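Report on the structure given below.
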Amino acid sequence: MSKLIRGIRGFKDISPDEAFRHRYAEDRTREHFARFGYREVRLPLVESTELFARGIGEATDIVDKEMYTFPDRNGVSLTLRPEGTASAVRAYLEGNWKAPSGVTKIFYTGPMFRYERPQKGRYRQFYQIGLEAIGGPGPLVDIEVIDLLHLLFVGLGVNDVKILVNSLGCPACRPAFRDDLVDYIKAAAGKLCSNCLRRIETNPMRVLDCKVPTCREALEGAPVILGYLCSDCDDHFSRVTAGLTGLGVPYEVDPKIVRGLDYYNRTAFEAVCDRLGAQNAVAAGGRYDGLAREIGGDAYGIGFAIGLERLTLVMDWKSAELPVVDYYVAAATQRARIPALGLADVLRGKGYLVEADLEDRSLKAQLRSANRAGALRVLIIGDDELRDETVQVKDFSTGQQQTVGRDSFLKELQALKTG
RNA sequence: GUGAGCAUAGCUCAGUUGGUUAGAGCGCUGGACUGUGGCUCCAGAGGUCGAGGGUUCGAAUCCCUCUGUUCACCCCA
């Protein structure tokens, strides 16, 4: 036998049990989005590399070292999408999807690709469901989007997720903050870890959420973005937080949250859960008023994406309904094998989940199998039943069994269905 | 890209200072019960001990290399 060909690192197979949870989480999320008027769009998995380079930012880690980029047969550089927002905005501009109301509400779901080392809650192909509200400058849009996210967790019964919000300012007010922050960090450089020293150059805002205790201590008096907001940004943020409070959305203002993508401005938010390990964000997003301009258009926008794998890790599955085997059809004799499969087909035609033995096993083995599968009822057919046109109906919870005419059994089913 | 841990039956894992036929629980198959599940008892099948090399009389065990995987760093959903 030749060697088993294995899957690629970071590209996980999703087992039936996991797929069931993904499907459930995704369906519930879709329904929730739809109630807020969001409509699904289906976007390509592949875009021109330029879209992400310009939209997300050349200097970001995603673009710099995490993209799956390759030339197509004509030598054009293509990239497997690492996130959905750039594609969504591109499609909005290209298709002129401007809604009469002024805010276009769309959502997407599907795989994203990033070349990273896999770890808990992080894969090279991972699944997101995200939405974008394009066209409105806020802050009412911001409020509704965060409210929507909060209510989604409530609806899913997830209660240990915290929503953190912050404002990243805008191109008018962020530079002053950044300069002061860099000055402060440089003054405190002696107490910082090597990672933070490197971040002074690469991404100074990241120094603020370093996990090293000595760094945290050294940064206690560091400048806070919220103190630098221009009057427009400050007003925007005040209205967002007041709106969330007014709607009863629990949130925490966390000046340390930062976005890894260049296009974000003003409102930024994350939903975090400490049961997720190091990758604690189950959903994240923010406002991106500059993105459209970067890719040749013009539009306000805000959105977020939920990591489906992470969402399923956070959800409580104890009470989830698993598929139930309604009937197991057992053949007591060889002659009854095909009639048993035929009866199973009739029941499936009426909408029941029906299992039957496919391995020529003994009646005892079939019943054991039915029991393991959690079947509610078993139908048994043997030579006697074939001759008399009957079927043995056994209720597995009580163990009671009775002989019923085949036709009247099926008629009874019909009555139950319509009743 | 960096670091640490792990890799033994379908699954979860034991396996002593290196020692002869590598074990358990669960699961699977059959029987006790000629056509009846769960509980019990009995029997059975199932393993190139991740791969390759080395040390040794002898390696699942010690050493090296590789691969896979997990967690963490980085970063992010």
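Because the structure is a prediction, the values reported are computed rather than measured. By convention in this document, chain letters (A, B, ...) are assigned in the order of the sequence lines, proteins followed by strands, and residues within each chain are numbered from 1.
- The number of heavy atoms from other shown groups lying within 6.0 Å of OH (A/Tyr264) is above 12.
- Rounded to a whole Å, the NZ atom of A/Lys120 is 12 Å from the P atom of B/rU70.
- Sorted by first and then second residue, the side-chain hydrogen bond (donor to acceptor under 3.5 Å, both in side chains) pairs involving residues 302-314 of chain A (not counting sequence neighbours) form an empty list.
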Pairs under 3.5 Å (N/O, protein and nucleotides 40-42 of chain B):
none

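- If you check every strand for non-hydrogen atoms under 4.0 Å, A/Tyr123 touches a base.
- Partners of A/Phe70 under the ring pair (Phe, Tyr, Trp, His ring centres under 6.0 Å) rule, at least two apart in sequence or in another chain, do not exist in this structure.
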Criterion side-chain contact (heavy atoms from CB on, under 4.5 Å) on A/Phe304 and A/Leu148, from CA distance to verdict: CA-CA 11 Å; A/Phe304 66 79; A/Leu148 178 160; 3.9 Å; yes
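- Between the side chains of A/Thr245 and A/Tyr251, a donor-acceptor pair is found at a separation under 3.5 Å.
- At whole-Å resolution of the value, CZ in A/Phe126 and C1' in B/rC75 are 11 Å apart.
- Applying the side chain to side chain donor-acceptor pair (under 3.5 Å) rule to A/Tyr127 yields the partners A/Gln125; only residues at least two apart in sequence or on another chain are considered.
- A salt bridge links A/Arg293 to A/Asp298: at least one charged side-chain nitrogen sits closer than 4.0 Å to a carboxylate oxygen.
- Between the C1' atoms of B/rG31 and B/rA45, the separation comes to 14 Å (whole Å).
- A salt bridge is defined here as a Lys NZ or Arg NE, NH1 or NH2 lying under 4.0 Å from an Asp or Glu carboxylate O, and A/Arg42 with A/Glu40 meets this definition.
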I'd like a list of close polar pairs between nucleotides 36-38 of chain B and the protein, N/O only, cut-off under 3.5 Å.
from   : atom 1 : to       : atom 2 : distance (Å)
B/rU36 : O2     : A/Lys394 : NZ     : 3.2
B/rU36 : O2     : A/Gln401 : OE1    : 3.0
B/rU36 : N3     : A/Gln401 : OE1    : 2.9
B/rU36 : N3     : A/Gln401 : NE2    : 3.0
B/rU36 : O4     : A/Gln401 : NE2    : 2.9
B/rG37 : OP1    : A/Lys364 : NZ     : 3.3
B/rG37 : O2'    : A/Asn371 : ND2    : 3.4
B/rG37 : N1     : A/Phe396 : O      : 2.8
B/rG37 : N2     : A/Asn371 : OD1    : 3.1
B/rG37 : N2     : A/Phe396 : O      : 2.9
B/rG37 : N3     : A/Asn371 : OD1    : 3.4
B/rG38 : O4'    : A/Asn371 : ND2    : 3.1

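- B/rA32 and B/rC39 have their C1' atoms separated by 14 Å, with the value rounded to a whole Å.
- Look at A/Ser362 and you'll find a side-chain N or O under 4.0 angstrom from OP1 or OP2 of B/rG30.
- Within 4.0 Å of A/Arg361, counting heavy atoms only, lie sugar-phosphate atoms of the nucleic acid but no base atom.
- For A/Asn166, there are no side chain to side chain donor-acceptor pair (under 3.5 Å) partners, not counting sequence neighbours.
- Note: CG (A/Leu358) to C1' (B/rU29) measures 17 Å, nearest angstrom.
- Shown here are the salt bridge (charged side-chain N to carboxylate O under 4.0 Å, His left out) partners of A/Lys186, two or more places apart in sequence or in another chain: there are none.
- Atom CG of A/Asp357 and atom C1' of B/rU29 are 13 Å apart (whole Å).
- By the side chain to side chain donor-acceptor pair (under 3.5 Å) test, A/Gln279 pairs with no residue at all, sequence neighbours left out.
- The existence of a salt bridge linking A/Arg406 and A/Asp388 is excluded, since no basic side-chain nitrogen approaches an acidic carboxylate oxygen closer than 4.0 Å.
- Rounded to the nearest Å, the gap between the P atom of B/rU70 and that of B/rU12 is 13 Å.
- Heavy-atom neighbours of A/Arg23 CZ from other residues, nucleotides or ligands within 6.0 Å: at or below the threshold of 12.
- With C1' as the reference atom, B/rG54 and B/rA14 are 28 Å apart, rounded to whole Å.
- Taking atom C1' on both B/rU34 and B/rA24, the two are 35 Å apart, rounded to the nearest angstrom.
- Atom CG of A/Asp360 and atom P of B/rG30 are 11 Å apart (whole Å).
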If pairs are Watson-Crick or G-U with both distances under 3.5 Å, what is the dot-bracket string of RNA chain B, marking crossing pairs with [ ] and pairs to another strand with |? (((((((..((((.....[...)))).(((((.......))))).....(((((..]....))))))))))))....
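- Contacts of A/Gly277 with the nucleic acid, taken as non-hydrogen atoms under 4.0 Å apart, involve only primed sugar atoms and P, OP1 or OP2.
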If you restrict it to nitrogen or oxygen atoms, what contacts under 3.5 Å exist between nucleotides 1-4 of chain B and the protein, and what is each distance?
from  : atom 1 : to       : atom 2 : distance (Å)
B/rU2 : O4     : A/Arg117 : NE     : 3.4
B/rU2 : O4     : A/Arg117 : NH1    : 3.1
B/rU2 : O4     : A/Arg117 : NH2    : 3.2
B/rG3 : O6     : A/Arg117 : NH2    : 3.3

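- Atom P of B/rU56 sits at a distance of 23 Å from the matching atom of B/rU17, rounded to the whole Å.
- In summary, A/Glu116 and A/Arg124 do not engage in a salt bridge, as defined by a charged side-chain N under 4.0 Å from a carboxylate O.
- In this structure, the CZ atom of A/Arg9 is 13 Å from the C1' atom of B/rC71, given to the nearest Å.
- Of the possible donor and acceptor atoms, none in the side chain of A/Arg266 sits under 3.5 Å from a partner among the backbone N and O of A/Ser167.
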Derivation of the side-chain hydrogen bond (donor to acceptor under 3.5 Å, both in side chains) call for A/Glu132 and A/Tyr288: CA-CA 10 Å; A/Glu132 312 292 347; A/Tyr288 46 82; 2.6 Å; yes
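- Of the P atoms belonging to B/rU61 and B/rG18, the separation is 11 Å, rounded to the nearest Å.
- Nucleotide B/rA77 holds its P atom 17 Å from the CD atom of A/Gln125, rounded to whole Å.
- Nearest-nucleotide assignment on RNA chain B puts the 5′-proximal partner with A/Ile8, out of A/Ile8 and A/Ala305.
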Step by step, work out the side-chain contact (heavy atoms from CB on, under 4.5 Å) result for A/Asp64 and A/Thr60. CA-CA 6 Å; A/Asp64 190 41; A/Thr60 60; 6.0 Å; no
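- Between A/Lys65 and A/Gly7, it is A/Gly7 whose nearest contact on RNA chain B lies nearer the 5' terminus.
- Across B/rA22 and B/rC33, the matching C1' atoms stand 36 Å from one another, rounded to whole Å.
- A/Asp274 is linked by a side chain to side chain donor-acceptor pair (under 3.5 Å) to nothing, counting only residues two or more places apart in sequence or in another chain.
- In the region residues 278-288 of chain A, proximity to RNA chain B at under 4.0 angstrom, judged on heavy atoms, holds for A/Ala278, A/Gln279, A/Ala281, A/Val282, A/Ala283, A/Ala284.
- A straight line from CD1 of A/Ile306 to C1' of B/rA77 spans 9 Å, rounded to a whole angstrom.
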